[in-house]
Participant: 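Okay, here's the structure, questions in a sec.
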Amino acid sequence: MLNIGCHLSISKGYEAIGKDALKINANTFQFFTRNPRGSKAKDIDSEDVKKLLQIMEEHNFAKILGHAPYTLNICSTNERTREFALEVMEDDIRRMEYLPNNLYNFHPGSHVKQGIEIGIKYIIDALNLLLKPDQTTIVLLETMAGKGTEIGGSFEEIKIILDGVKLKDKIGVCLDTCHVYDAGYDIVNDLDGVIDEFDKIIGLDKLYAIHLNDSKNPLASHKDRHAKIGEGTIGKDGIFKVINHSKLRHLPFYLETPNDLQGHGEEIKMLKGAFKDNG
Ligand code: FE
Ligand code: FE
Ligand code: ZN
């Protein structure tokens with residue numbers, strides 16, 4: 001079975017987001033834990049959360065994915081900016097624990113001009129403060145397009161971060177198809193090669209989730225502009241190969257394509273149609 005969903009808005013609450021997922025035949029979803037630009041998050045309504053958990057259980061949902069605000073920069077040159085990112089992420093993980101055993105994804109951040117080594121050190125230090133032995137949430141580093149001074153545009157950079165994290169069973173990776181393609185990994189012509197490289201450098205056992213996006217830009221453009229499935233440079237066939245790949249097909253896939261709920265529903269229908277059940 002294909003585990004697929006898309007990014008959904010949590011603004012109407014937890015039960016509402018579960019119902020939105022059901023409307024489009026999704027069995028998972030991604031959501032921003034709070035306003036992606038701001039920092040305010042509503043208090044948790046545990047009754048509302050319980051209703052979502054019921055929906056997820058009844059409909060056999062795959063793991064859901066909370067996404068940190070993309071404006072955070074945990075490896076900023078500014079100490080207060082780094083502290084703020086850590087505070088938000090701490091609060092997010094506390095919230096994620098109301099939905100036990102799920103996933104929380106964040107962008108490694110941009111080192112600006114201080115250099116990649118210092119940037120990576122800040123990320124590692126923050127993760128070692130953030131992760132707690134008793135948490136059930138797995139925190140994921142997202143693979144990035146390598147725009148500007150963004151960290152995480154290569155598997156090697158992700159690996160260095162993972163190596164520095166003490167609680168290894170609390171940390172993993174989310175692979176974004178648009179980002180890796182923009183970063184220069186040719187998943188269109190050499191998906192096997194890219195997966196082998198990921199396995200050799202990071203290890204496929206660290207891969208927990210896939211962001212499924214087409215890209216508006218060519219290979220190695222370092223741009224990060226998502227396209228609807230089949231409307232970008234990766235193309236339908238490229239995306240269909242990803243969801244059917246023997247080493248990826250069991251993972252949860254999350255669409256972050258520029259679409260509304262109905263559009264995402266159509267993409268999900270198309271992807272389910274392209275998924276080979278015996279694959
Ligand atoms: Fe992201
Ligand atoms: Fe993404
Ligand atoms: Zn992106």
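The structure displayed is predicted, hence computed values, not measured ones. Atoms within each ligand, like the ligands themselves, are counted from 1 in listed order.
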Participant: Does any N, O or S atom in His67 come within less than 2.8 Å of the Fe ion (ligand 1)?
Facilitator: yes
Participant: Give the atom name of whichever N/O/S atom in His107 sits closest to the Fe ion (ligand 1).
Facilitator: NE2
Participant: Which atom, among the N/O/S set of Asp224, is closest to the Zn ion (ligand 3)?
Facilitator: OD1
Participant: Between Asp196 and Lys200, does any side-chain N to carboxylate O distance fall below 4.0 Å?
Facilitator: no
Participant: Between the Zn ion (ligand 3) and His211, is there an N, O or S atom separated by less than 2.8 Å?
Facilitator: no
Participant: Between the Fe ion (ligand 2) and Asp176, which N, O or S atom of the residue is the nearest one?
Facilitator: OD2
Participant: Please find the N/O/S atom of Glu256 nearest to the Fe ion (ligand 2) and write down its name.
Facilitator: OE1
Participant: Looking only at N, O or S atoms in His211, which is nearest to the Fe ion (ligand 2)?
Facilitator: ND1
Participant: Under the criterion salt bridge (Lys or Arg N to Asp or Glu O under 4.0 Å), I'd like the reasoning laid out for Glu47 against Lys50: C-alpha separation, chi angles, the key distance, then a yes or no.
Facilitator: CA-CA 5 Å; Glu47 280 307 305; Lys50 241 186 247 163; 3.2 Å; yes
Participant: Using 2.8 Å as a strict upper limit, say whether an N, O or S atom of His226 approaches the Zn ion (ligand 3) that closely.
Facilitator: yes
Participant: What do you reckon, is NZ of Lys206 surrounded by more than 12 foreign heavy atoms closer than 6.0 Å?
Facilitator: yes
Participant: Would you name the N/O/S atom of Glu142 that lies closest to the Fe ion (ligand 1)?
Facilitator: OE1
Participant: With a 4.0 Å cut-off on N to O distance, would you call Glu87 and Arg80 a salt bridge?
Facilitator: yes
Participant: Whether the side chain of Lys269 engages the backbone of Ile24 through a donor-acceptor N/O pair (distance < 3.5 Å, no angle test) should be reported.
Facilitator: no
Participant: Taking all non-hydrogen atoms of both residues, which atom of Lys63 and which atom of Asn101 are closest, and how far apart?
Facilitator: NZ-O, 2.8 Å
Participant: Should the pair Lys247-Asp192 be classified as a salt bridge under the 4.0 Å nitrogen-to-oxygen rule?
Facilitator: no
